[in-house]
Amino acid sequence: MTTSTALPKQYDPSEVEPRWARFWLENGYFHADESSPTVPYSITLPPPNVTGSLHIGHALGSTMQDILIRWKRMHSFNAMWMPGIDHASIAVHVLLEKDLKRRESKTRFDLGREEFLRRAWAWKERSGHRISEQEKLMGFSLDWPRERFTMDEKSNRAVIEAFVRLYEEGLIFRAKRMINWDPASETVVSDLEVDVVEESGSLWEIRYPLVGGGGEIVVATTRPETMLGDTGVAVHPDDERYRDFVGKHVELPLTGRTIPVVADTFVDPAFGSGAVKVTPAHDPNDYECAQRTGLPILQVIDPRGRMCAPAPEKYVGLTVEEARKAVVADLEAAGALGNVKDYKVPRGRSQRSGAVVEPMLMEQWFVKTATLAEKAVAAVESGKTKFVPELWTKTYMHWMTNIRDWCISRQLWWGHRIPAWHCACGAITVAREAPTACATCGGATLSQDDDILDTWFSSALWPFSTLGWPEKTRELATFYPNNVLVTGPDIIFFWVARMMMMGLHFMGKVPFRTVYLTAIVTDENGDKMSKTKGNVIDPLDVVHGASLDQLLKRADAENAPEAAVKNIRKYFAKGIPAMGADALRFALARLNTSGRYIRLSIERVEGSRNFINKLWNASRFALMNLDGYEPERFAAQLHIPVGGAGAAGAAGAAGAAGAAARAALGMPERWILSRLQAVAGEVDAALESFRFSDAANAIYHFVWDELCDWYIELAKPHLHQGPELEQDPAKAARRHVVQGVLATALETTMRLLHPFAPYVTEEIWQKLPKLPQLPGSLMITVFPRRDEAWIDAAAEAEMQLVQGVATTCRMLRATYGVPPSQQIAVELRASADAARALIEKHLPLIERSARITATVVASGGPVPGAAKALVGADIEVLMPLGGLIDVAAEKGRIEKDIGKVDKEIAALEKKLGNADFLARAPEDVVEEQRARLADEQTRRQRLADALDTLAASGSGGGGGAGVGGAGGAA
RNA sequence: GGGCGAAUAGCUCAGCGGAAGAGCGUCGCCCUUACAAGGCGGUGGCCGCAGGUUCGAAUCCUGCUUCGCCCACCA
């Protein structure tokens, strides 16, 4: 048992946190056994990109997961949290290639596939290690021995198996389709990886003269350079203006080609001239139009984003932008240019590289999604998987029901190579192992497809590939499906939807029962955090602290723009104090309400840091006053079962003996233990429905407003140690009981708070004197469960009365500037016998908390020079201030109260005067309103009396000086 | 162009049919031996606007206004 009084006044997380992080890991507490007979509870961590380090979004999501996992683990579930890292193919490419260009002025093609991959792996080793270290630092109880990487051997095997099976089932196919080409990364990207943004551009009109004269057709375009690849002009079949043109040909300027005019319904006659130039190779609409009308396809832009033959020689090799200028100039020179106007152009940009995406016609690998999506929709419709908050269900459904085939091939190197081999005969062999002969012609010269798979393909398999699939493992049987997936709404399509499809297809079961979508963390102004803006809060800086200088130095090293540096100076002028992982975790939990965004700022974390410190000091106080406390004796006294390590929350007495023992406790003891049970119930209920904020706030308010502000204050006199204890066994016994209740309340609080703030709770818990049967760590104790036996409505009501009277006395003191050091006499009047008896019973508590000496009476006459206030309707507090009372101020205060009461009375009378209300509202509601009206009327009477008294004592008083106070009341 | 969401105290947000709440800020008074990262008290709200449903609306419905976000191939 520790009774150290040497604890520091301020909690220092930097010393405490690493110690317990090591302790938990060394003891293997995070590891779950797949063979355990207990009920499994599993979560798979969304694997962070290997490119990054832990950012605030990870901190949020992972903290919520850790809260769930630690909570369920303490509720005796076989809790498993699967760690891992994602290879993030295109993100790694962008990052490494940028670096390569800057340092060596080379492209990945200069380096070659092999050398590039060597560097990528080296990067992965460094970066991946850093991420898991950061996760350990945050206290995340991940099952480390299971840690996986999306490109490790097992994942490779799963990916190949999935690919081959889907291919054999006809769900993966190769086809020439219109795709999104990223000319910077030189790869195709999926529809989801393109962001369409409106950018300012121009709308050019071009005149196409009819072959053989007789007029011209004017077309409008935002991309004049593509006219070099035009193979037709389309008009609406019903458009009178162009009826005669259909079937004729026009001259395509600059090219010497002639192209036909065709009719197609996709043309909107009301837009522009009503005629559209058709470039089938470089526009999805035009491609479809060509399919319908039989126009030929002419590719004039190559994969590097440059013009190519059959565009006229002079343009070949120009970038799209250069070609645009040249074409416009040449058109103008040829007199073929019409009006030009400014225009907002929707432009697709590659999410990763930022390059303008070029629609191209190319042969690629696709997943046929129609049937897969159908099952994924059905699973959500039938409730096998639920979204929390529910509103995301619609987003998922809408996308799923409008899903398009998924282009999965990428012309990159870092990723899973597609298990397909091309033969000179043109056939493709898809196989698990490199084939020795072509499956079609038997030829032996095979070359593997150069492409790799979209990163999200391996991610889609993650919930089961991490558990050993395609083997039928014990892990899969135990932990699949996962109970929950916690992730951001921004990857519902990328990831959640695809896991649903693949999970249902390969496992026949949904991958998770609940999808909990977190909010998105923004800065205090609601702007997305980004390094270019300089508003990023790095979770590790919050944990360890960072001076402004350090932040600026880092920004400098990262070549942050000037605006970012300016913002860093503004947002982090005083740097970031070291607040510890607990403070950050608790802050995130408290801020995680049902909204879509969390505005985070350093000040908001400080509130939680302060809370942790408050808890620390309350524990410090307890430890200073727990000498001589014997947990086993206390447990026996209260008939708390001391069964094995799994014994329920320390407060858990049962049976008649227990009830008798409880009744013998003092009111504050019964009250705080009752409140504790209520809070335990609230926390469980809140977490059950993913209301993290409610759960954290319930504990916050219990600890601060009830345990610290009231219980500890009321316990102090009993804890005081002195010679009188030896002479008075009753006092000594009482002290021991109070010690026991305080220790118990704290111990239970540590359990409740542990999932949110694991470090400080473990530190305190280890120091608290407690039963020897308990396990070696707080994290494997049992989570408190609300126990009705301890709920004590009478104690709660009595305490409320004490608090009300004390608070009212304090208010009068403060109003009249009675200094805290000065005891002051008050008269407490209560006409109701029950209330008066209670006040008398708890008078010492009231006197102590309000620093008064009180006399209690049933009623009395006017007391001149006394300030007066009401507690509820019946109880009056009179504070005699002699001639020092400020009559005007007192009058003002009371009149204001009367104003409020009058408003209440008017509203209630109106309500009760309404026959419909009496007839239709439920009985208890009507009764309640009646009781309230009666109370308000009593209050009104008392306040009016007080005002009369004041008027009578009247003019003489009122210097405004409080008793011994300098300023008096305002 | 479709869809989703939000408007409540100075700020950030809870509450979602029966008495307007929290945190931060602000204003007083206090270094009262657990805690100044603290204590005690105060101030502050036609719950976006207009209708409707209901005995009763911040809460349900409709419309409007303003802000977000997502999806979508109009040259």
Side-chain angles (χ1 to χ4, degrees), chain A residues 5 7 9-11 178 196 203 219-223 226 234 266-268 270-273 275-279 283-288 343 345-346 348 359 391-392 394-395 398-399 402 489-490 492-493 520 524 526 577 579 583 590-591 593-601 603-604 606-625 691 693-694 697 700-701 708-709 712-713 716 807 810-815 817-821 849-851 904 907-908 911 914-922 924-926 928-929 932 936 962 965-967 969-970:
Chain A
T5 50
L7 293 186
K9 270 186 164 187
Q10 283 196 359
Y11 174 64
M178 186 61 72
V196 181
L203 188 66
V219 296
T221 180
T222 56
R223 299 198 53 190
T226 60
F266 95 102
V267 180
D268 175 4
F271 186 91
S273 63
V276 181
K277 63 189 269 311
V278 183
T279 321
D283 183 280
N285 267 323
D286 294 4
Y287 174 68
E288 279 172 27
Y343 197 71
V345 188
L391 66 97
W392 294 111
K394 279 194 179 175
T395 306
H398 182 256
W399 191 73
N402 293 287
D490 49 333
I492 291 179
F493 309 143
I520 290 167
E524 57 197 295
M579 296 193 273
R590 287 219 302 151
L591 291 169
T593 57
S594 51
R596 287 193 182 195
Y597 298 94
I598 292 178
R599 297 190 187 208
L600 187 73
S601 63
E603 291 95 78
R604 289 174 166 233
E606 278 173 354
S608 292
R609 188 261 321 250
N610 295 354
F611 169 74
I612 303 276
N613 193 52
K614 183 79 180 174
L615 181 73
W616 175 253
N617 275 293
S619 308
R620 204 170 134 253
F621 168 80
L623 291 169
M624 286 191 282
N625 289 282
R691 287 177 290 114
S693 172
D694 287 350
N697 279 323
Y700 178 96
H701 284 113
C708 291
D709 286 354
I712 287 183
E713 290 309 319
K716 275 178 182 174
T807 304
R810 287 176 189 160
M811 185 270 289
L812 286 177
R813 289 183 70 106
T815 305
V818 180
S821 51
S849 25
R851 289 183 154 257
E904 277 296 303
L908 287 164
K911 214 176 206 182
N914 182 343
D916 283 332
F917 173 69
L918 298 177
R920 303 205 186 205
D924 55 319
V925 172
V926 176
E928 200 188 319
Q929 305 297 313
R932 269 186 59 203
E936 293 297 337

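Chain letters run A, B, ... following the sequence lines, proteins first and then strands; every chain starts at 1.
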Give the dot-bracket line for RNA chain B from 5' end to 3' end: parentheses for intra-strand Watson-Crick or G-U pairs under 3.5 Å, square brackets for crossings, | for inter-strand pairing, dots for unpaired. ((((((((.[[[[.)..(..]]]].(((((.......))))).....[[[[[..)....]]]]])))))))....
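- Across the interface with RNA chain B, nearest-nucleotide mapping of A270(A) and N610(A) shows N610(A) to be the residue nearer the 5′ end.
- Summarising the geometry, the separation between CZ on R813(A) and P on G28(B) is reported as 20 Å, rounded to the nearest angstrom.
- On the P atoms, C70(B) is 41 Å away from A37(B), given to the nearest whole Å.
- Rounded to an integer number of Å, the gap from CZ of R599(A) to C1' of A7(B) is 12 Å.
- Here Q929(A) lies in heavy-atom contact (under 4.0 Å) with sugar-phosphate atoms only.
- The side chain of E936(A) lies closest to A19(B) when the candidates are A19(B), G23(B), A37(B).
- When distances run from any side-chain atom of R620(A) to the nucleotides C55(B), A34(B), C4(B), the shortest one goes to A34(B).
- Residue Y343(A) has a polar side-chain atom (N or O) positioned under 4.0 Å from OP1 or OP2 of A75(B).
- Ranking C69(B), G39(B), G42(B) by closeness to the M811(A) side chain, first place goes to G42(B).
- In this structure a side-chain-to-backbone donor-acceptor pair under 3.5 Å is present from R813(A) to R851(A).
- Considering CZ of R596(A) and CH2 of W392(A), their distance stands at 4.0 Å, rounded to 0.5 Å.
- D283(A) places no side-chain N or O within donor-acceptor distance of the main-chain N or O of P359(A), the cut-off being under 3.5 Å.
- For the atom pair CG (N610(A)) and OH (Y700(A)), the distance works out to 7.5 Å, reported to the nearest 0.5 Å.
- Following rounding to the nearest Å, W399(A) (CH2) and G2(B) (P) show an atom-to-atom distance of 23 Å.
- At the heavy-atom level, N697(A) lies nowhere under 4.0 Å from the strands shown.
- The CH2 atom of W399(A) sits 10.5 Å away from atom CD1 of I492(A), with the distance rounded to the nearest 0.5 Å.
- Interface remark: the K9(A) side chain does not form any donor-acceptor pair with the A36(B) base, using a distance-only criterion of under 3.5 Å.
- Nucleotides C73(B) and G15(B) place their C1' atoms 44 Å apart, quoted to the nearest Å.
- Distance alone, capped at 3.5 Å, places no donor-acceptor pair between the H398(A) side chain and the K394(A) backbone.
- Side-chain atoms of V276(A) lie closest to A75(B) of the nucleotides A75(B), C69(B), G23(B).
- Each of A37(B), A34(B), G23(B) was ranked by its minimum atom distance to the side chain of Y700(A); first place goes to G23(B).
- Atom pair L812(A):CG and G28(B):C1' shows a separation of 16 Å (rounding to whole Å applied).
- Nucleotides C11(B) and C16(B), compared at atom C1', are 23 Å apart to the nearest Å.
- When the nucleotides G39(B), G18(B), C55(B) are ranked by their closest atom to the side chain of R920(A), C55(B) comes out on top.
- A donor-acceptor pair under 3.5 Å is absent between the side-chain atoms of R932(A) and the main chain of E904(A), judged by distance alone.
- Residue R609(A) has no polar side-chain atom (N or O) positioned under 4.0 Å from OP1 or OP2 of A37(B).
- Contact annotation for T807(A): backbone-only contact, meaning every heavy-atom pair under 4.0 Å involves sugar-phosphate atoms and none involves a base.
- Residue G526(A) is out of contact with every strand shown, counting any heavy-atom pair closer than 4.0 Å.
- In this structure, I712(A) and E928(A) both approach RNA chain B, and ranking their closest nucleotides by distance from the 5' end singles out E928(A).
- Comparing C74(B), G15(B), G18(B) by their nearest atom to the side chain of F917(A) picks out G18(B).
- Distance from the side chain of V267(A) is smallest to A75(B) among A75(B), G38(B), C55(B).
- Applying the 3.5 Å distance criterion, the base of A37(B) shares a donor-acceptor pair with the side chain of Q10(A).
- Distances shorter than 4.0 Å separate some side-chain N or O of K716(A) from OP1 or OP2 on A34(B).
- In this structure, of C40(B), C69(B), A34(B), it is C69(B) that holds the atom nearest to the side chain of R596(A).
- I492(A) has its CD1 atom 12 Å from the P atom of C70(B), to the nearest Å.
- Aromatic ring pairs are classed by plane angle as parallel below 30°, tilted from 30° to 60° and perpendicular above 60°; the pair W616(A) and Y11(A) is tilted.
- Nucleotides G51(B) and C13(B), compared at atom P, are 29 Å apart to the nearest Å.
- Taking atom C1' on both C24(B) and U66(B), the two are 26 Å apart, rounded to the nearest angstrom.
- Checked by distance alone, K394(A) brings no side-chain donor or acceptor within 3.5 Å of a matching partner on the base of C4(B).
- At the heavy-atom level, A919(A) lies nowhere under 4.0 Å from the strands shown.
- Minimum atom distance to the side chain of P820(A) is reached by C30(B), of the listed G39(B), G18(B), C30(B).
- Within the nucleic acid shown, F611(A) has no heavy atom closer than 4.0 Å to any nucleic acid atom.
- Considering CZ of R609(A) and CD of Q10(A), their distance stands at 7.5 Å, rounded to 0.5 Å.
- P922(A) comes within contact range of at least one nucleobase, with a heavy-atom separation under 4.0 Å.
- Protein atom CG of N914(A) is 7 Å distant from nucleotide atom P of G56(B), rounded to whole Å.
- Within the 4.0 angstrom heavy-atom criterion, only backbone atoms of the sugar-phosphate kind lie near F493(A); the bases stay farther away.
- Taking CG from L591(A) and CG from N697(A), the interatomic distance works out to 9.0 Å, rounded to the nearest 0.5 Å.
- C46(B) sits 12 Å from U8(B) when the P atoms are compared, rounded to a whole Å.
- The interatomic distance linking E603(A) (CD) with A22(B) (P) rounds to 21 Å, in whole Å.
- Taking the C1' atom of each, G68(B) and G28(B) are spaced 40 Å apart, rounded to whole Å.
- With hydrogens and angles ignored, a donor-acceptor pair closer than 3.5 Å exists between the side chain of N285(A) and the base of C73(B).
- Within the 4.5 Å cutoff, side-chain heavy atoms of P577(A) are placed close to those of E606(A).
- Look at T593(A) and you won't find any side-chain N or O under 4.0 angstrom from OP1 or OP2 of C13(B).
- Atom C1' of A9(B) sits at a distance of 13 Å from the matching atom of A14(B), rounded to the whole Å.
- R691(A) places no side-chain N or O within donor-acceptor distance of the main-chain N or O of S594(A), the cut-off being under 3.5 Å.
- Computed from coordinates, the D694(A) CG to G23(B) P distance equals 15 Å when rounded to whole Å.
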